[in-house]
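Model, not experiment: these values are computed from the prediction. Only heavy atoms go into these numbers, but all of them, side chains included; no hydrogens, no water, no symmetry mates.
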Amino acid sequence: MPSTICSERANRRSPQHAIAGIFIVAGSILYNPHPTLAFVPPSSYTTTSTATLPRGTPPCPISTSTPEKSSIQTRHHAMPNSAMERGEMILASENDRLLNAAFSSLNAKDKYETVLTGLCAKIIDGGAATAKEGMVDPVRLMEEMNSGGIAVGPRGVIGLIDATALTSDARIMASVMSLAIKNGAILRYGSLQSSLNPIPRSSSTSASFSFGNQEQRLESLPPVPDDDRASEVSQAVIFSGVCASCIGINIFSGLFGLEDLTFWTNLVLGVAITTVVVDNFFDALVTGGSAVAKMNEDKLPDGAKNLNAPKKEEMPLGIGTGSVTGSVVRGMNRLMSDNTERDCQCEAAAVFAAYSLGLPCFAFQPNALEGAALVVESMGEKPNDNDQFNLQGAMDSLASDAGLLKVLIWLMAPVAMELSKYPQLMASEPREASGFLERLANKSQYAQSALEGALPVDSEETDAYLRWALAEADLLLRNNAKAVDELSEALAGGAATVGDCVAVLEEW
């Protein structure tokens, strides 16, 4: 199954995961408890595998007893010289209680969060291969904190979400987000679901909505922009190749005795460049020419004073409208464009849409395959075969008009963001939304009762779905422009993980 949680950004380490002091050491305590420490690890966090324990089995609580106080200086001098001579770590010495003293100064909340952060940091260090197995302890620790009324702080939530993202499992992410909501650690996940307007449908197979103004709004919506980037790039490459060949012949014709070809290469080069300029910058040429003519009107001959510039509609072959060579210019823009700010804006729009609509899928660059997988995963009432560690939670089904609309808005959010700021789509892909509906239509044979009533019945209704989703995505982003801009700035500034983005959205 494709990655439904995160993109390549999630593999970068955030500053919160670089804590190398007490948090990592505390995490290691769970697997190698030291006899001299007053902190007693829960039995389910030892080296014994917990994969076979039932999900509801509560772990032993973390001890919050206060150890006997002693002088650090006395303990330092009491340490055998042989330990120092052997180069052993001070914290690993049996006679040293520095770590014990540091941990005992923490209250219960800080102790739990320290352990949680250490566990999550260990999962992130281990990578995606062992992420699911490693999530057993953090999930059970969160359940223990919820049962004990102990709130987890931002540092713990960030680490927990980043560790969960490595599992690439939407249902595990849904379970973790549910635990965080019950804990009161996050407040804005799924908070904007009620603000969406349902898609007005006239199909008799769907649930009936009150139409009226909604239908009028649908009819007034502009079409979803076309995007044929493959054709545009190929045409730009061909145009560049022809021009480069002509210039190369002109430069090296003398060396290879090709002087007779320079006439034709100059002709091809001149016609090609002139056509592109006139076709795409016709209005600018006419406006500039008219201004120059007025400034020098007294110097023009009488016959030229009454001449008028041609109109676009009168130009042969549609030249002047961009229909002939417009794709070449757009392709050149794609080849030469490298706008990090633009990319971050689109990524921020996608993450904000997923988080605010309660989708446990925080891909920075959403696509049709991940959207379809998310819907199919949400239709399963029981954990799938990959849940050998009993971590997956229940997801709200997305196999409905409202569910499909949320996923479509997530897919269209980068498109809406880019359209609101730029005249041409380059970082976003509007065809992902239509591809999502096509994939679900192909899967409807496996879940006809769930998907048939939610999917559009024909091409006209499909177009209505796409236009409505684009409009709702645009409205969502405009109404929350401040939060989206802050997230975009954080991404441009180096925020690399899903947890970093959640911290921005929750305003931690």
* With a 4.5 Å heavy-atom cut-off, do L419 and L470 have their side chains touching? -> yes
* Examine distances only and state if a side-chain atom of R467 and a backbone atom of L221 form a donor-acceptor pair shorter than 3.5 Å. => yes
* **Considering all heavy atoms, the nearest L374-A170 contact** => CD1-CB, 3.6 Å
* Asked: For the atom pair CD (E429) and OG (S434), what is the distance rounded to the nearest 0.5 Å?
  -> 8.0 Å
* To do: Using modelled atom types only, decide if a donor and an acceptor are shared between the side chain of N480 and the backbone of A483 within a distance under 3.5 Å.
  => no
* Roughly how far, to the nearest 0.5 Å, is the CZ atom of R155 from the CG atom of L116? -> 9.0 Å
* Asked: With distance as the sole test, does T130 use its side chain to make a donor-acceptor pair with the main-chain N or O of E133 at under 3.5 Å?
  -> no
* **side chain to side chain contact (heavy atoms under 4.5 Å, CB included) between R342 and E418, worked out** => CA-CA 8 Å; R342 188 174 191 157; E418 197 167 13; 2.6 Å; yes
* To do: Taking T114 for its side chain and D110 for its backbone only, find out whether a donor-acceptor pair lies under 3.5 Å.
  => yes
* To do: Could you tell me which non-hydrogen atom of W410 sits nearest to which non-hydrogen atom of A350, and how far apart they are?
  => CD1-O, 3.3 Å
* Close side-chain approach of E486 and F352, heavy atoms under 4.5 Å -> no
* To do: Check whether any side-chain heavy atom of L491 sits under 4.5 Å from a side-chain heavy atom of V504, and report yes or no.
  => no
* For side-chain hydrogen bond (donor to acceptor under 3.5 Å, both in side chains), just list the numbers for D500 and T497, CA-CA rounded to whole Å, side-chain angles, deciding distance to a tenth of an Å, and then say yes or no. => CA-CA 5 Å; D500 295 334; T497 68; 3.2 Å; yes
* **Pairwise side-chain contact, M135 with L160, heavy-atom cut-off 4.5 Å (strictly under)** => yes
* Where do C361 and E370 come nearest, in terms of heavy atoms and distance? -> SG-OE1, 4.4 Å
* If you look at every heavy atom in A399 and S378, which pair is closest and at what distance? -> N-OG, 4.4 Å
* To do: Please report the C-alpha distance between V224 and M412 in whole Å, then the side-chain angles of each, then the deciding distance to 0.1 Å, and finally whether the side chain to side chain contact (heavy atoms under 4.5 Å, CB included) criterion is met.
  => CA-CA 10 Å; V224 177; M412 282 295 194; 3.9 Å; yes
* To do: Using a cut-off of 6.0 Å, state whether more than 12 heavy atoms not belonging to Q193 lie near its atom CD.
  => yes
* Kindly say whether L179 contributes a backbone atom to a donor-acceptor pair with the side chain of N183 at under 3.5 angstrom? => no
* Asked: How many angstroms lie between atom CE of M142 and atom CG of D137, to the nearest 0.5 angstrom?
  -> 14.0 Å
* Minimum heavy-atom separation for I409 to A469, with atom names? -> CG1-O, 3.9 Å
* Asked: Side-chain donor-acceptor pair under 3.5 Å between D485 and S488, yes or no?
  -> no
* To the nearest 0.5 angstrom, please state how far the SG atom of C346 sits from the CD atom of E341. => 11.0 Å
* Residue that, paired with L398, satisfies side chain to side chain contact (heavy atoms under 4.5 Å, CB included) out of L359, L404, L405 -> L359
* **Side-chain touch I161/V498, heavy atoms, less than 4.5 angstrom** => yes
* To do: Report yes if some heavy atom in the side chain of V152 is under 4.5 Å from a heavy atom in the side chain of Y112; otherwise report no.
  => no
* To do: Provide the closest heavy-atom pair for A349 versus L477 in the form atom of the first, atom of the second, distance.
  => CB-CD1, 3.9 Å
* Any donor-acceptor pair under 3.5 Å from E113 side chain to G153 backbone -> yes
* Taking the side chain from Y189 and the backbone from Y355, do they hold a donor-acceptor pair closer than 3.5 Å? -> no
* Could you give me the CA-CA distance, side-chain angles and deciding distance for I186 and I181, then say whether side chain to side chain contact (heavy atoms under 4.5 Å, CB included) is met? => CA-CA 5 Å; I186 59 176; I181 292 173; 3.7 Å; yes
* Is it true that E472 and R217 make a salt bridge, defined as a side-chain N closer than 4.0 Å to a carboxylate O? -> yes
* Side chains of E461 and Y465: does their closest heavy-atom pair fall under 4.5 Å? -> yes
* Structure fact -> So CE of M173 and CE of M177: to nearest 0.5 Å the spacing works out to 7.0 Å
* To do: With the side chain counted from C-beta on, respond yes when E507 and R188 share a heavy-atom pair under 4.5 Å apart, and no when they do not.
  => yes
* To do: Apply side chain to side chain contact (heavy atoms under 4.5 Å, CB included) to the pair C501 and F364, showing each step before the final yes or no.
  => CA-CA 10 Å; C501 295; F364 292 91; 3.6 Å; yes
* **Rounded distance [0.5 Å steps], CG in N197 versus CG in L475** => 7.0 Å
